[in-house]
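Read the structure below first, then the notes.
Just so you know, these numbers come straight off a predicted model, no measurement behind them.
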Amino acid sequence: MSTVEFARNLSDHPASDDQRAEILKNPGFGNYFTDHTVVIDWTEGEGWQNARVEPYGPISLDPAASVFHYGQEVFEGLKAYRHADGSVRTFRPEKNAERINTSAARLALPQLPVELFVEAVKLLVEVDQAWVPSGDGEALYLRPFMIATEAFLGVRPSKEVSFRVIASPAGNYFGGELHAVPIWLSQNFARAGHGGTGEAKCGGNYAASLAAQLEAEAHGCAQVLFLDPTDDNAVEELGGMNVFFVLDGNRLVTPRLNGNILHGITRNSVLQLAKDAGLTVEERKFTIDEWRASVADGSLKEAFACGTAAVITPIAELRSAEGTMVLPATGEDAVWRKIREQLLGIQTGTVEDTHGWLTRLV
């Protein structure tokens with residue numbers, strides 16, 4: 001436990017049981033928010049202080065706050081799951097804590113102790129535990145983030161920072177029943193560049209993907225795939241997810257981490273579960289030409305994407321200005337399905353957690 005004490009200022013007008021029940025019937029993703037937020041302030045020379053739980057609501061910031069002008073911010077995403085015994089647990093939160101610090105270092109923001117990150121998450125879920133849904137595939141999505149709050153227009157790291165955690169009940173990321181989705185191949189935009197912020201989970205990376213996302217939506221696609229044009233058009237990642245390929249010989253291939261690609265916690269977990277299942281795991285360069293050739297010769301059996309929000313989603317087609325590449329249909333014995341069931345089973349408590357990945361929150 002950290003030495004920071006959290007003050008509690010609970011909402012005097014939380015959602016009623018009926019209001020919350022109505023929302024939880026169909027929460028969607030990121031549409032509704034719980035009654036509270038956790039906040040910890042940081043000031044240069046004084047460190048982390050003024051930790052508190054307070055009612056969820058607008059943030060009051062000076063118009064000159066650094067986050068507005070220089071994009072100095074990072075964030076995380078993790079989920080809390082309701083187990084059959086009524087407890088609420090989350091998945092590998094220390095990895096999220098480590099990653100937000102890696103992101104913070106790249107954006108010249110302060111380091112937050114891992115135990116303080118976990119404590120903040122635990123406190124918010126404890127206060128708002130009634131918001132944790134119990135439906136199949138549902139969870140409470142947690143969004144920790146760190147923003148530069150100093151009112152100063154000079155180009156330098158902010159001397160004042162706010163760390164916050166908010167929460168939102170979540171259903172299926174893509175909505176409705178789980179199904180294979182088409183994705184769009186971006187040939188006009190890049191998500192990140194070498195030496196840039198690709199490994200950091202910061203808003204600028206996602207903002208850079210939105211024009212390509214609009215292009216994808218115009219072609220009926222749920223997500224966009226980015227390539228590295230400086231490295232033989234190597235596959236990198238989707239706008240918000242890592243990507244995997246199942247090839248002949250029981251091989252699972254995913255793009256190697258090259259400084260441009262986010263170190264996905266779900267990605268890391270999929271790799272471990274694949275090894276547990278006896279698959280040969282390859283982290284290497286995988287070009288768009290190899291993808292097309294493997295579809296043409298039948299050696300590619302599956303392609304899927306993974307991330308905290310969507311967990312694992314199979315890919316049905318890769319669409320581009322050059323046409324549509326249809327991927328093989330998969331059945332009940334698909335690798336993506338087995339790994340997804342194993343991963344969700346661990347997260348929700350129906351499969352034994354042999355790796356010690358779960359942390360009890362309530």
Side-chain angles (χ1 to χ4, degrees), residues 26-32 75-82 90-93 95-96 99 132-133 135-144 167-186 191 201 203 205-206 209-210 212-214 216-217 219-226 235-246 252 254-255 261-274 302-319 327 330 334-348 351 357:
N26 184 24
F29 184 85
N31 297 322
Y32 306 98
F75 67 96
E76 271 302 321
L78 64 162
K79 288 179 174 179
Y81 301 87
R82 176 83 64 187
T90 191
F91 185 75
R92 309 186 76 178
K95 290 297 182 184
N96 295 94
R99 190 171 63 181
V132 182
D136 185 37
E138 296 180 341
L140 184 66
Y141 182 79
L142 300 158
R143 172 54 62 87
S168 173
N172 187 344
Y173 184 72
F174 291 112
E177 294 295 323
L178 178 66
H179 59 277
V181 298
I183 61 173
W184 176 254
L185 174 61
S186 175
R191 175 188 167 274
K201 197 168 178 66
N205 291 343
Y206 294 81
S209 75
L210 295 180
Q213 180 70 27
L214 289 176
E217 291 173 2
H219 289 85
C221 295
Q223 270 284 347
V224 59
L225 175 77
F226 292 99
V235 173
E236 291 202 322
E237 63 178 293
L238 306 190
M241 293 182 284
N242 297 113
V243 62
F244 286 83
F245 306 92
V246 180
L252 182 69
T254 194
I261 297 173
L262 187 69
H263 291 227
I265 295 163
T266 305
R267 174 189 182 276
N268 179 272
S269 305
V270 167
L271 291 174
Q272 182 59 60
L273 293 176
E302 305 172 31
F304 62 88
C306 76
T308 298
V311 189
I312 292 177
T313 299
I315 299 171
E317 299 176 352
L318 180 65
R319 299 176 184 174
L327 276 62
T330 60
V335 168
W336 73 262
R337 190 182 301 276
K338 291 179 179 177
I339 293 179
R340 186 178 192 275
E341 289 174 354
Q342 183 81 1
L343 183 59
L344 276 174
I346 293 170
Q347 292 171 337
T348 59
V351 171
W357 284 341

Non-hydrogen side-chain atoms of [X] and [Y] separated by less than 4.5 Å:
X: Pro182; Y: Arg319; value: yes
X: Glu302; Y: Phe244; value: no
X: Pro144; Y: Phe75; value: no
X: Val243; Y: Pro255; value: yes
X: Leu252; Y: Val270; value: yes
X: Met241; Y: Cys306; value: no
X: Ile261; Y: Asn242; value: yes
X: Trp336; Y: Ile315; value: no

Quiz prompt | Residues Tyr141, Thr308; criterion side chain to side chain contact (heavy atoms under 4.5 Å, CB included); working and verdict | solution = CA-CA 9 Å; Tyr141 182 79; Thr308 298; 4.1 Å; yes
Is there a donor-acceptor contact under 3.5 Å from the side chain of [X] to the main chain of [Y]?
X: Arg191; Y: Tyr206; value: no
X: Glu138; Y: Gly135; value: yes
X: Ser186; Y: Leu225; value: no
X: Lys79; Y: Ala309; value: yes
X: Asn96; Y: Gly77; value: yes
X: Gln223; Y: Gly239; value: yes
X: Glu237; Y: Leu262; value: yes

Return the minimal non-hydrogen interatomic distance between [X] and [Y], and the atom names on each side.
X: Arg99; Y: Ile265; result: NH1-N, 3.6 Å
X: Ala305; Y: Leu238; result: CB-CD1, 3.5 Å
X: Ala222; Y: Val181; result: CB-CB, 4.3 Å
X: Val224; Y: Ser209; result: CG1-O, 4.5 Å
X: Asn31; Y: Ser168; result: N-OG, 4.0 Å
X: Pro314; Y: Phe304; result: CA-CB, 3.9 Å

With rounding to the nearest 0.5 angstrom, report the [atom1] to [atom2] distance, [X] to [Y].
X: Thr90; Y: Leu78; atom1: OG1; atom2: CG; value: 4.0 Å
X: Gln342; Y: Arg337; atom1: CD; atom2: CZ; value: 15.0 Å
X: Leu344; Y: Ile312; atom1: CG; atom2: CD1; value: 7.5 Å

Practice problem: Taking atom types as modelled, find out whether Arg92 and Ser269 have a side-chain donor-acceptor pair closer than 3.5 angstrom. | Solution: yes
Quiz item: For the residue pair His219 and Trp184, does the interplanar ring angle fall in the parallel (under 30°), tilted (30 to 60°) or perpendicular (over 60°) class?
Solution: parallel
Quiz prompt | Check ion pair Glu76-Arg143 (N to O, under 4.0 angstrom) | solution = no
Practice problem: Could you go through the side chain to side chain contact (heavy atoms under 4.5 Å, CB included) check for Thr266 and Phe91 one step at a time? | Solution: CA-CA 10 Å; Thr266 305; Phe91 185 75; 5.7 Å; no
Exercise. Take Arg267 and Thr254 through the test side chain to side chain contact (heavy atoms under 4.5 Å, CB included) and record every step on the way to the result.
Key: CA-CA 9 Å; Arg267 174 189 182 276; Thr254 194; 3.6 Å; yes
